[in-house]
Each structure stands twice: as C-alpha cells, then as structure tokens.
Amino acid sequence: MYIKNKIEEVLPGIIKELFGKEIKSSTVLVQKTRREFEGDFTVVVFPFTKLLNKPPEVIGNQIGEALVKKLDEVDSFNVIKGFLNLTLKVEYWLNFFADHHSDVYFGYSEPLSEKPIVVEFSSPNTNKPLHLGHIRNNLLGDSISRILDANGYGVHRVNLVNDRGIHICKSMLAWLKWGDGATPETTGIKGDRLVGDYYVLFEKEYRRQVSELIEAGKTQEQAEADAKIMIEVRNMLKKWEGGDPEIIKIWRMMNNWVYNGFDITYNKLGISFDKTYYESETYLHGKKIVEEGLDKGVFFRKPDGSIWVDLSKEGLDDKLLLRSDGTSVYITQDLGTAQLRYDDFDPSQMIYVVGNEQNYHFDVLKKVLKKLAKPYCDALYHLSYGMVELPEGKMKSREGTIVDADDLMDLMEKTAEKITAELGKTEGMTENQKLVLYNKVGLGALKYFILKVDPKKNMVFNPNESIDFNGHTAPFILYTYARIHSVLRKAPKEKLLPQKNTIKASKIAVKEKELIKLLHDYPLMVKEAANEQNPSVIANYAYDLAKEFNQFYHEYSILNENDSEIIEFRIRLASFTGIVIRSALDLLGIDVVERM
RNA sequence: GGUUCCGUAGCUCAGCUGGAUAGAGCAACAGCCUUCUAAGCUGUGGGUCCCAGGUUCGAAUCCUGGCGGAAUCACCA
C-alpha cells in the first residue's frame with residue numbers, strides 16, 4: 001500500500017486515541033510536501049481545529065509524535081502553522097528503489113479479470129483526408145487505450161468508418177463529371193487526397209450554381225435545394241441505397257482509394273485498430289432498435305410517419321429517430337452500433353472518443369438507451385475533447401486553413417532533420433538510422449504537443465510558429481533518455497546488474513532523493529491518467545521527471561566519482577529514470593531514441 | 001434566446017477532491033561547454049488568476065450574478 005494512504009488510514013485512530021474524538025475520514029488530507037519546506041508528506045491539520053478546539057500547532061505536534069511512534073516509515077516531523085510535515089526514513093526510499101529499479105513494468109497493473117473496455121476513435125468520413133483535428137482524436141484514442149491497458153484492462157480499439165452518405169456521393173459525382181478516369185496510380189496522388197479534391201470541386205460548383213440561382217431571384221434556401229448538381233447527387237444517393245451496381249462499383253473503388261490513403265496516414269501516426277466497422281454495414285441495425293422502442297411505447301410516431309422520442313422529462317426536446325421516409329439519421333446509426341458493440345464484446349465500458357461539438361448528441365444517445373433500459377446504457381462514455389483551433393479561430397476548408405495530417409507529419413520530420421543537422425548529431429549514423437531518428441523526434445514532438453494538453457480543453461495550434469523542439473516538449477524528454485543511454489553505454493558492465501543492496505543512507509544527496517520520490521509517484525500517475533481518461537497527466541509527469549534528472553545530471557557526475565558505491569547507485573538511478581521515461585512515453589505512443 | 005463548456009504571465013499551457021509566497025515552457029535579457037550528449041543547466045524581468053458578491057480559519061479552485069469567447073439546440077453527420 002502507498003505510504004500516503006497508510007498515513008491517511010491511521011490518522012483517524014490516532015486522533016481518537018489522542019483527543020477522544022471521531023473525525024470524518026474525508027477531512028483527512030495528506031499531500032506531498034512542497035519543495036520549500038522540509039519533509040516528504042504533509043498533513044493539513046486545519047480541518048481538525050474546530051472539532052478539537054486547540055491551536056493547529058499543538059494538534060500538529062501531538063499527531064506528529066504519535067505518527068513517528070506508530071509508523072516505522074516516519075522518521076521525524078516539523079509543524080509550520082497548520083501544516084504537519086513528515087519526513088520518512090531514507091531507508092524507506094532506498095528500499096523502494098532497490099525493489100523496483102530494474103522493473104520495466106513498474107507502474108503497470110496485473111491484468112484484471114473484468115470485462116473489456118471498447119474504445120472507439122478516429123471514425124473518419126471517407127470524402128476527405130485526415131487533418132489536425134483527426135490527429136488529436138487518434139492520439140487521444142491511442143493513448144487512452146494504452147493507459148487502460150497498462151492498468152490491466154482488456155482493451156478493444158475500434159474504428160467506425162463513415163463510408164456512406166451524401167458526402168461520398170459528392171466526390172463520386174464530381175469524379176464522374178470531371179475526373180476523366182483519374183486514379184491514384186495515374187495521377188500519383190494519394191487516394192484520400194484525390195477523393196478529397198473532387199469533394200472540393202463539387203462544393204465549388206455547387207456554390208457557383210447556388211449564387212447563380214440567387215441572382216436569378218431565388219432565396220438562399222430555394223437555391224440550395226434546387227441547384228442542379230445537388231439534385232443529381234441526391235439521385236445518386238438514392239441509387240446507392242437501391243443497390244445500383246454501377247454506383248456501388250464506383251463507390252467501392254473510390255472508398256478503397258481512401259482506405260489505402262488512410263492506411264498510410266495511420267501507419268505513420270503509429271495507430272492501429274482491433275476492429276473496423278463500416279457504416280454501410282451497420283447503418284440498418286438502428287432501425288430494429290427504433291422499432292423495438294416503438295413496440296414498448298417508449299417512442300412515438302407522428303402522422304407523417306417519422307418516429308420520435310420525447311425527452312422533455314429528461315430536460316431535452318423531442319428528438320427525431322427515423323425520417324418520415326423511413327431512412328435513418330445519425331442517431332439511428334449510433335443506436336445500432338452501440339448494440340452491435342455490446343453484442344460483439346460484452347464490455348464493461350464503451351468509450352467514444354469524439355469531439356465536444358457532439359456533446360448534445362451523446363447526451364441524447366445515453367438518454368434514449370436509458371429509456372430503452374438497455375443493459376449497457378451506463379457503460380457508454382463520451383470522451384469529449386476540445387477542438388484544435390488556429391490563432392484566428394476554427395480551421396475552415398473554404399479558406400484553405402485546414403492543416404493536413406500528412407503535411408504536418410512531413411513538416412515535423414523535416415524540422416527534426418534540420419535541427420539535428422544544425423546541431424551536428426548525425427555523425428556515424430547510417431542513412432536509415434537518420435530517417436528513423438527524424439521520424440521519432442519529429443513525430444514525438446507532434447504527439448507530445450497535442451497530448452500534453454488536457455483533452456477536454458480547446459487548444460491552439462499556430463501554423464506559422466513551428467512546434468517547439470526545446471523546453472516542455474518531447475525532444476527534451478527524448479534527449480534526456482538519450483543522455484541516460486549515453487552514460488549507460490559507457491558504464492562498466494558489471495555495475496549495470498540489478499542489486500538489492502544499494503547504498504548507505506548517509507550518502508544520498510537531496511537531488512537524488514527528489515528523483516527517487518518522483519519515480520515513486522509514477523504508478524499513481526498511471527492510475528490517475530486512467531481514472532480521468534487523461535493522457536496529459538502522463539505527459540506532464542514525464543516532463544517533470546526529465547527536468548529533475550537533467551538537474552541531477554548537471555550537478556553530479558555519474559561515472560566520475562571516487563566512491564564506487566555511489567557510482568553504482570547513480571548508474572542504477574539513471575537507468576531506472578530511463579525505464580520510467582520510456583514507459584511514460586510509450587503510454588503516449590512516443591518511441592524513444594538512444595542517440596540524438 | 002435555451003443548454004453546455006471555457007476565461008491563469010506578451011504567447012502556449014500546468015495548478016488534483018478548497019490549503020503554505022499561483023508554476024512551467026516559448027519569447028526577452030544575463031551567465032555556464034579542456035569534465036558522463038549545451039535539443040542541456042543557472043539567473044533576471046513579467047500576474048487585478050475576466051469582474052462583483054457569497055460560503056470558509058483559508059478560494060485560481062466551490063455557489064450566485066454579470067462580462068467576454070466557443071460549441072450545440074436540423075427529417076446534416
């Protein structure tokens with residue numbers, strides 16, 4: 001058990017013994033002692049003063065004395081105002097260090113015997129290439145999956161590809177009109193981008209026709225409905241739903257171009273899935289559920305035939321579930337896929353990594369499932385993340401401000417290459433090693449930039465300022481790791497072996513103890529990141545750890561020391577730090593490098 | 001207009017269920033490489049924590065009301 005929890009647990013008993021009063025366990029607050037003060041953990045005694053009717057200093061001193069007697073780990077204490085600062089015995093830290101310093105799975109939990117968790121993320125439309133917003137989604141989904149996995153959960157990563165609908169028909173129609181048979185092979189253009197280009201062409205022509213009709217005297221609304229190209233594309237969608245072989249053939253072909261393109265992007269991002277659902281295969285499932293709800297009397301039908309749910313008791317409005325023509329809407333599909341997912345995996349939790357623009361949608365989805373008394377209605381969890389914005393606001397395709405995922409990754413690699421060359425770090429590396437290095441550093445920088453921010457907050461990306469490679473960044477942390485490995489390469493082999501007995505307590509420097517204390521926190525961070533579904537906990541921790549190590553590294557020499565006991569200890573301390581850095585970065589999907 | 005979320009240094013972000021003098025990075029300035037990787041380390045300047053009330057021994061954090069911004073409220077997805 002954690003020493004912090006141990007202190008929290010014995011505290012009520014101690015107060016009972018000392019003062020004869022019962023305190024609520026919720027008033028017990030033990031936190032890490034701030035750096036400016038002496039101690040390892042701090043008990044805040046203010047909450048007890050009222051009940052015990054004594055000055056905080058008096059209470060603090062009495063509790064401190066009792067804790068020293070009661071807990072072997074506690075060495076001494078001091079009281080400042082209402083804060084009781086406890087110092088643990090150095091042996092406590094050294095024992096911890098001896099037990100874990102060579103454990104590459106330090107911080108991870110044993111596999112749990114619980115039901116698995118399904119994490120849905122990415123979920124792209126097939127009419128456009130992936131952009132920066134998708135990158136945030138993918139990185140979050142990937143990292144959360146890794147974090148849950150490290151906490152012992154069985155994780156299934158699923159992707160739900162929106163491969164049908166009016167949007168893809170727009171690309172198809174434009175390609176038929178103006179494509180002249182162009183393919184990714186004949187043009188050398190990546191498949192998803194090629195399809196996206198035709199989508200843009202469609203929109204351009206559509207807008208031209210709309211403004212023409214408006215000039216001819218129609219209202220905006222009329223013009224949008226009457227534009228010739230829009231009528232054509234609606235016809236195409238109808239043909240698709242009717243199974244027209246020609247249309248289906250083109251649809252298959254163009255979607256495959258897109259998938260080939262996506263595969264390249266996913267690959268480069270280091271993202272993979274256990275299962276991919278396609279809406280073209282799942283979109284009908286929801287209708288059954290709607291009928292089921294109609295039978296149960298949970299939903300109702302309007303005279304025009306459309307089906308609705310009344311959510312006024314839940315504080316929302318009526319919500320359409322099925323169109324009057326019997327076709328499904330967005331939420332119909334999600335009702336279906338939720339059921340499908342439940343049937344496929346019998347999960348304890350279904351996490352949807354979807355932007356916060358869809359908060360309302362998921363609110364409705366949960367409430368509808370609850371009304372239907374679905375067993376999985378409480379298992380559904382919307383991991384709602386904030387938008388990535390530019391300094392001037394949202395990315396807009398019309399203004400050409402969309403930051404393309406492939407372009408951005410390429411730019412990151414190029415920047416990594418440039419900086420590496422400037423610093424002259426490539427000596428003795430093969431071409432292949434260099435490419436791997438640029439990839440890991442550039443992509444690491446990008447991933448860290450995204451993941452260090454609290455998912456639920458909007459964040460700003462400025463395309464005119466390249467993502468930093470100094471300071472609070474992945475390259476900084478990677479550099480620390482490379483430094484550690486540089487030392488380990490030079491260290492005598494026999495000193496690298498794990499050992500139980502480390503070092504005399506009196507030989508430990510403050511910086512070294514601080515490092516051990518930080519390492520000691522890592523398992524807590526791994527748990528917290530899972531509980532809050534927040535990779536930024538890990539990202540910020542990894543930075544703190546690297547920062548602490550660099551200070552230690554600067555102040556002390558690891559290998560050039562007279563006392564061989566100290567050398568051994570420092571080598572192990574560096575190695576342990578390296579293990580934890582690697583582990584933390586792995587939870588973020590970032591690969592380490594041993595040289596940079 | 002209703003609902004939800006957000007507002008911390010010039011910029012990008014931390015700040016846990018209320019706890020000690022609000023922290024990092026970038027940018028600016030000043031130092032540190034004959035010593036294990038200077039993508040590093042050290043220092044300086046920079047804050048009405050949007051505003052006003054309230055709860056509390058104690059509020060950036062909780063509550064109420066403003067102001068400012070975002071999202072959403074489609075027979076779009």
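Here the structure is a predicted model, which means the values were calculated and not measured. In what follows, chains carry the letters A, B, and so on, assigned in the order in which the sequence lines appear, proteins first and then strands, with residues in each chain numbered from 1.
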Tell me every residue that passes side-chain contact (heavy atoms from CB on, under 4.5 Å) with A:Lys527, counting only those two or more places apart in sequence or in another chain. A:Ser109, A:Asn151

With sequence neighbours left out, the residues meeting side-chain contact (heavy atoms from CB on, under 4.5 Å) with A:Thr337 are A:Leu160, A:Thr282, A:Asp334, A:Arg341

Filtered N/O pairs between nucleotides 25-28 of chain B and protein, under 3.5 Å:
from	atom 1	to	atom 2	distance (Å)
B:rG25	OP1	A:Lys547	NZ	3.0
B:rG25	O2'	A:His472	N	3.2

Listed partners of [X] passing ring-ring contact (aromatic ring centres under 6.0 Å, His included), at least two apart:
X	value
A:Tyr352	A:Phe362
A:Phe121	A:Phe273
A:Tyr381	none

Between [atom2] on [N] and [atom1] on [X], what's the gap in Å once rounded to a whole number?
X	N	atom1	atom2	value
A:Glu57	B:rG19	CD	P	20 Å
A:Phe469	B:rG40	CZ	P	12 Å
A:Gln358	B:rC76	CD	P	16 Å
A:Leu311	B:rU3	CG	P	17 Å

Can you find a donor-acceptor N/O pair under 3.5 angstrom joining the side chain of A:Thr480 to the base of B:rA39? no

Quiz item: A:Asp317 side-chain donor-acceptor pair to B:rA74 base, under 3.5 Å: no

N or O in side chain of [X] less than 4.0 angstrom from [N] OP1/OP2:
X	N	value
A:Gln551	B:rU42	yes
A:Tyr360	B:rU72	no
A:Arg35	B:rG23	no
A:Lys319	B:rC73	no
A:Lys425	B:rU37	no

Expressed as a whole number of Å, how far does the C1' atom of B:rG18 sit from that of B:rC57? 12 Å

Across the strands shown, which category fits A:Glu224 at heavy-atom distances under 4.0 angstrom: base, sugar-phosphate, nothing? nothing

Please confirm whether the ring centroid of A:His167 lies under 6.0 Å from the ring centroid of A:Tyr199. no

Donor-acceptor pairs under 3.5 Å, side chain of residues 475-482 of chain A to any protein atom, not counting sequence neighbours: which ones?
from	atom 1	to	atom 2	distance (Å)
A:Tyr479	OH	A:Arg483	NE	3.4
A:Thr480	OG1	A:Phe476	O	2.8
A:Thr480	OG1	A:Asn550	ND2	3.1
A:Tyr481	OH	A:His485	NE2	3.0

Counting only non-hydrogen atoms, which of residues 321-332 of chain A are less than 4.0 Å from RNA chain B? A:Arg323, A:Ser324, A:Val329, A:Tyr330

Tabulated below should be each protein N or O lying under 3.5 Å from an N or O of nucleotides 34-36 of chain B; please produce it.
from	atom 1	to	atom 2	distance (Å)
B:rC36	O3'	A:Lys490	NZ	2.9
B:rC36	O2	A:Ile558	N	3.3
B:rC36	O2	A:Leu559	N	3.1
B:rC36	N3	A:Ile558	N	2.9
B:rC36	N4	A:Tyr553	O	2.6
B:rC36	N4	A:Tyr556	O	2.2

Could you tabulate the donor-acceptor pairs under 3.5 Å formed by side-chain atoms of residues 462-470 of chain A, not counting sequence neighbours?
from	atom 1	to	atom 2	distance (Å)
A:Asn462	OD1	A:Asn464	N	2.9
A:Asn462	ND2	A:Glu465	OE2	3.4

Check whether any side-chain heavy atom of A:Val79 sits under 4.5 Å from a side-chain heavy atom of A:Asn85, and report yes or no. no

Quick one: salt bridge (charged side-chain N to carboxylate O under 4.0 Å, His left out) pairs with a partner in residues 30-56 of chain A, sequence neighbours left out? A:Lys32-A:Asp521, A:Arg34-A:Glu36, A:Arg35-A:Glu514, A:Arg35-A:Glu548, A:Asp40-A:Lys513, A:Asp40-A:Lys517

Check ion pair A:Lys170-A:Glu203 (N to O, under 4.0 angstrom): yes

Heavy-atom nearest nucleotide on RNA chain B taken for A:Lys32 and for A:Ile419; more 5' hit belongs to A:Lys32

Go nucleotide by nucleotide along RNA chain B from the 5' end; which of A:Ile166 and A:Ile80 gets its closest nucleotide reached first? A:Ile80

Taking distance alone, no hydrogens or angles, what donor-acceptor pairs closer than 3.5 Å link side-chain atoms of residues 311-327 of chain A to residues at least two apart or in another chain?
from	atom 1	to	atom 2	distance (Å)
A:Ser312	OG	A:Asp310	OD1	2.8
A:Ser312	OG	A:Asp310	OD2	3.4
A:Arg323	NH1	A:Thr327	OG1	2.9
A:Arg323	NH1	A:Ser328	O	3.2
A:Asp325	OD1	A:Thr327	N	3.0
A:Asp325	OD1	A:Thr327	OG1	2.7

Quick check on B:rC51: syn or anti? Syn means the glycosidic torsion is within 90 degrees of zero. anti

